[in-house]
Amino acid sequence: MDNRALAQVFGQIAALLEIKGENAFKIRAYRSAAEIIGDHPEAIAKLDPTQLRELPGIGKDLAAKIRELVETGECGYHRELLQEFPPTILELLRLQGIGPKTVALLYSALGIRSVDDLSTAIRDGRLRTLKGMGAKKEALIVKAIEERQRDEGRHLLAHTSAVADTVVGYLREQVPGIELIPVGSLRRGCETCGDIDILAIGAETGVMERFVDYPAVERVLARGASKSSVRLPGGYQVDLRLVPPESRGAAMQYFTGSKAHNIAVRDRAIQRGMKLNEYGLYTIADDRRVAGETEESIYEALGLAWIDPALREGRGEIDLAQERRLPALITESDLRGDLHMHTTVTDGRDDLETMAAAARALGHTYIAITEHSQALAMAGGLDERRTLEHAARIRALNGRCDGLTLLAGIECDILADGRLDLTDDCLAQLDIVIASVHSQLTQEPAQITDRLLRALECPWVDVLGHPTSRRLLRRDAMRFDVEAVMQAAVRHGVAMEINCQLERLDLSDTYARLAHERGVRLVISTDAHSTLELRHQRWGVQTARRAGLGPEQVLNTRDAATMQALLRRNRPH
DNA sequence: GCCGTTTTCGGCCCGACTGTTTTCAGTCG
């Protein structure tokens with residue numbers, strides 16, 4: 001059992017206990033165990049009970065349950081809970097606005113055990129018969145169901161990438177020498193992905209058989225000589241296509257997409273008396289093969305520079321490729337530091353020293369420690385006194401980190417009326433201030449706009465953190481006048497963040513592109529809550545690449561001194 | 001369920017919003 005599977009069991013136990021109305025601290029123990037297991041860099045299954053108990057939050061009971069799971073593949077307690085409630089009940093919990101109490105009520109009063117049951121109950125008017133279920137609550141639930149259906153079958157980029165890596169790794173082991181290339185939305189780096197498309201290049205070597213025999217396969221949807229599809233746990237559909245070497249480039253081009261990009265490229269081929277398909281580029285007149293072995297040869301034959309997959313969205317990249325004006329995109333190695341992270345002082349998992357050491361190991365030359373401010377009570381946000389005390393600790397450590405500059409910062413909440421959560425006097429004493437919205441995300445657009453504009457006016461705000469506060473597949477972006485906020489950011493010299501949290505990626509690619517066009521300066525920050533998450537820069541970089549950004553548009557590609565000089569606080573206001 | 005210079009029991013998790021309930025329960029971050 002891998003860490004993710006183990007974590008899932010404990011997550012389910014936590015959810016089921018919540019529905020049961022168990023002790024909140026017990027629930028938290030299971031939930032925290034799920035997080036610790038899921039994030040652990042090594043295989044939990046290899047640890048003996050003593051080693052397990054050394055993990056924070058794992059005691060005698062949980063260690064025993066982990067061993068039981070590893071040894072038998074099951075956990076009696078989990079099984080007992082699943083006998084009390086059908087497993088489909090957990091999908092109700094994923095609806096925005098529905099929590100454990102509501103799920104318990106729906107189940108006990110109406111026998112609702114799935115989202116489908118819930119939809120039926122709403123249609124029948126049975127939901128309204130329940131205590132606390134009025135018209136507005138019902139409308140909220142209807143909307144949550146719609147949102148869920150819209151996102152069904154889609155997965156976060158990072159998760160999709162991990163699943164694809166696992167499948168590719170397995171196939172490489174099974175069929176040595178075969179070349180495997182993930183294509184589709186994954187190769188383009190889209191923030192969420194539907195299917196996983198993988199190309200296998202080469203002669204028939206039994207790769208299809210190995211693929212459908214992959215142990216984790218839940219269901220084989222299709223199996224053939226050149227194409228097979230399977231479904232994996234978690235709702236991932238994976239398509240494998242076998243392609244001869246001479247069609248490698250054509251297949252990569254064809255299956256990488258996007259649809260809009262391919263239509264434009266094929267149209268261009270037709271205009272030049274050629275046709276393009278997944279096998280190659282051919283002349284229409286005599287069906288002569290012009291290109292196909294490499295993507296470069298195809299684009300070149302159409303008078304285009306090779307276009308990075310991140311840009312293949314039909315957003316003007318073809319014109320740029322023709323004019324040879326494609327941007328040189330930022331890469332992960334361009335980044336020199338990370339300007340947003342949390343430690344155990346608030347809701348981070350690792351302490352200051354550990355985070356600093358991990359950042360140094362990653363090759364960063366500077367990091368900013370930016371805890372939450374007091375308004376975020378649940379995260380243990382800091383008031384003025386604790387903020388300054390923490391800043392002093394960070395600065396004390398700064399001198400002792402060879403080659404790593406530590407900046408003392410804060411992620412300060414933007415309150416409902418646009419005021420900041422800490423005084424100007426406090427903010428002025430820090431090295432960097434990120435201002436972020438964490439509450440009241442559903443205010444009227446005009447109100448949110450005013451709120452953000454007011455926050456940007458504070459002279460000590462350097463960065464607007466996760467500007468839309470969206471959560472992918474979970475919650476839409478806040479609605480506000482993006483143009484007005486970007487103009488204000490330019491006017492005041494405030495940078496906007498591309499937040500690398502897997503379910504944020506906020507700014508999105510399209511907003512980051514807009515920000516760049518409007519002259520807004522950007523930073524790519526992990527918002528890491530553990531050393532592991534410091535590695536999430538690649539996803540923000542991917543977002544930036546899709547926005548067409550080069551290293552010069554991103555502040556934290558500069559060295560520490562230059563970057564600091566560019567922060568707003570160091571400019572005339 | 002975990003944890004312990006507050007140590008084997010009793011803390012641990014707080015504030016605000018929403019909708020509906022006329023005094024509060026549920027959800028969210």
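In the text below, chain A, chain B and the rest are named by the order of the sequence lines, each starting its count at 1. Quick note: numbers below take in every heavy atom, side chains included, and nothing from hydrogens, waters or symmetry partners.
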May I ask you to say what A:S439 touches in the nucleic acid, namely base, sugar-phosphate or nothing, with a heavy-atom cut-off under 4.0 Å?
nothing

If the plane angle is over 60° it's perpendicular, under 30° parallel, otherwise tilted; pick one for A:Y30 and A:F10.
parallel

Under 30°, 30 to 60°, or over 60°: which ring-plane class applies to A:Y236 and A:H155, parallel, tilted or perpendicular?
parallel

Have a look at A:K60 and say if it touches a base, only the backbone sugar-phosphate, or nothing, with a 4.0 Å heavy-atom cut-off.
sugar-phosphate

Establish, from distance only, whether the side-chain atoms of A:H340 and A:E497 form a donor-acceptor pair under 3.5 Å.
yes

Take A:L130 and A:L105, measure what side-chain contact (heavy atoms from CB on, under 4.5 Å) needs, and give me the verdict at the end.
CA-CA 8 Å; A:L130 294 180; A:L105 177 68; 4.1 Å; yes

If you take the centroid of each ring, where Trp contributes its six-membered ring, are A:H529 and A:H536 closer together than 6.0 Å?
no

Hunt down the Watson-Crick or G-U wobble partner of B:dT8, both distances under 3.5 Å, from any strand shown, or write none.
none

If you look at every strand shown and take non-hydrogen atoms under 4.0 Å, does A:R471 touch a base, only sugar-phosphate, or nothing?
sugar-phosphate

Rounded to whole Å, NE2 of A:H466 lies from C1' of B:dG29 at a distance of 10 Å

Please compare A:A375 and A:E138 by the position of their nearest nucleotide in DNA chain B and report the one closer to 5'.
A:A375

Which whole-number value in Å describes the distance from A:L127 CG to B:dT20 C1'?
14 Å

Once each nucleotide of nucleotides 6-12 of chain B is scored for protein heavy atoms under 4.0 Å, what B/S/- sequence comes out, 5' to 3'?
------B

If each of A:G132 and A:P100 is mapped to the nucleotide of DNA chain B with the nearest heavy atom, which maps nearer the 5' terminus, i.e. the 5' end?
A:G132

Under 4.0 Å between any heavy atoms, over every strand shown, what does A:A379 touch: base, sugar-phosphate, or nothing? Just pick one.
nothing

Mind checking A:I36 for me? I need base, sugar-phosphate or nothing, with any heavy atom below 4.0 Å counting as a touch.
nothing

Length of the CZ-P vector between A:R386 and B:dC14, whole Å
13 Å

Rounded distance in Å - CG (A:L415) to C1' (B:dA16):
12 Å

Name the nucleic acid region contacted by A:L441, choosing base, sugar-phosphate or nothing; use a 4.0 angstrom heavy-atom cut-off, strictly under.
nothing

Work out how far the C1' atom of B:dG11 is from that of B:dT6, and round it to whole angstrom.
10 Å

Rounded to whole angstrom, note down the C1' distance from B:dG1 over to B:dT8.
14 Å

Say you pick atom P in B:dA16 and the same atom in B:dT23; how far apart are they, in whole Å?
23 Å

P atoms of B:dT5 and B:dC12, separation to the nearest Å
16 Å

Considering only the P atoms, how many Å lie between B:dT27 and B:dT20, rounded to the nearest integer?
14 Å

With heavy atoms under 4.0 Å as the rule, sort A:I27 into base, sugar-phosphate or nothing.
nothing

Describe the nucleic acid contact of A:A135 in one word from base, sugar-phosphate, nothing, applying a heavy-atom distance below 4.0 Å.
sugar-phosphate

Output the rounded distance in Å from CZ (A:R53) to C1' (B:dG4).
13 Å

With salt bridge (Lys or Arg N to Asp or Glu O under 4.0 Å) as the test, pick out the partner of A:E138 among A:K143, A:R126, A:R128, A:R123.
A:R128

Okay, side chain of A:R568, backbone of A:G493: is any donor-acceptor separation there less than 3.5 Å?
no

What integer number of Å spans the C1' atoms of B:dG26 and B:dC13?
16 Å

Pair A:S373, A:D421: side-chain N/O donor-acceptor within cut-off below 3.5 Å:
yes

